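Working notes, beginning with the structure itself.
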Amino acid sequence: MMKSMIFAVASRTLASVGALAVVAAPAVTLAASVQADVAALAASIQAAVTQAQTAAAAAGLSGDAASAQVQAAVQQAIAASGATPDQALAALSIARSNMTSSGALSASGSAALGAVSAQVSSLSSSSGGAPASGGSSGGGAPVPPPASSGGGGGGSDYRPTT
């Protein structure tokens, strides 16, 4: 009797642990996929900044004009990627870090990355509480409370005929 009870407890424990492993595995895969997306976007941003800085220098632009050209290129790269604001912020941070450490980021490029980061962070879901709409931001008017009179409101409206 004792052996069967120990076996039953051990079996339930193993089944629970196995179920947790199955549930946790997709999250790990998803996290790796998001990291790959962020890394790809960071590379795309770096390429856009480099090309825009080169084009601005060739056109003789400097200061605000050069920064605006770089900013437009970065915004286009982010929009083309379809990344979420949080992914875009992470990619912007990685791109800034990589370009600063390699010495490839000009003052106008740095200003442009800062401006785009500020714009994207205003859209980010991590800057404050998560919206009640399941992660989407913006949108229409809030859903009104249910009417206080009429059908519904606490049980079935089914009334059997007698």
Side-chain angles (χ1 to χ4, degrees), residues 13-148 150-153:
T13 303
L14 287 175
S16 298
V17 170
L20 287 175
V22 169
V23 171
V28 171
T29 304
L30 179 62
S33 172
V34 169
Q35 287 177 347
D37 292 345
V38 169
L41 179 55
S44 178
I45 290 171
Q46 290 175 40
V49 169
T50 301
Q51 290 172 353
Q53 287 178 151
T54 303
L61 301 177
S62 62
D64 291 340
S67 180
Q69 185 164 347
V70 175
Q71 186 174 346
V74 171
Q75 289 170 336
Q76 186 176 12
I78 293 171
S81 74
T84 67
D86 290 335
Q87 290 171 336
L89 279 174
L92 284 163
S93 176
I94 292 168
R96 176 187 291 275
S97 175
N98 290 345
M99 293 187 79
T100 299
S101 66
S102 71
L105 189 61
S106 68
S108 60
S110 180
L113 287 176
V116 174
S117 292
Q119 292 169 351
V120 172
S121 68
S122 70
L123 303 173
S124 176
S125 63
S126 65
S127 62
S133 59
S136 65
S137 60
V143 178
S148 60

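We number each residue from 1, following the sequence as shown. As the structure is a computational prediction, the values presented were derived from the model and not from experiment. We use all heavy atoms of the structure for the numbers below, so side chains are in, but hydrogens, waters and symmetry mates are not.
Not one N or O on the side chain of Ser67 forms a donor-acceptor pair closer than 3.5 Å with the backbone of Gly63.
When the side chain to side chain donor-acceptor pair (under 3.5 Å) test is applied to Ser108, the partners found at least two apart in sequence or on another chain are Ser106. When the side-chain contact (heavy atoms from CB on, under 4.5 Å) test is applied to Asp64, no partner is found at least two apart in sequence or on another chain. With sequence neighbours excluded, no residue forms a side-chain contact (heavy atoms from CB on, under 4.5 Å) with Ala57.
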For residues 69-82, which side-chain N or O atoms pair as donor and acceptor with protein atoms under 3.5 Å away, sequence neighbours left out?
from	atom 1	to	atom 2	distance (Å)
Gln75	NE2	Gln119	OE1	2.6
Ser81	OG	Ile78	O	2.7
Ser81	OG	Ala83	N	3.1

In a table with atom names and distances, give each donor-acceptor pair under 3.5 Å that connects a side chain of residues 37-48 to protein atoms at least two apart or in another chain.
none

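Annotation for Pro85 and Val120: closest pair O-CG1, 3.3 Å, computed over non-hydrogen atoms.
Rounding to the nearest 0.5 Å gives a distance of 4.5 Å between OG1 of Thr100 and CG of Leu105.
Among residue pairs with one or both ends in residues 88-99, those qualifying as side-chain hydrogen bond (donor to acceptor under 3.5 Å, both in side chains) are Arg96-Ser110; sequence neighbours excluded.
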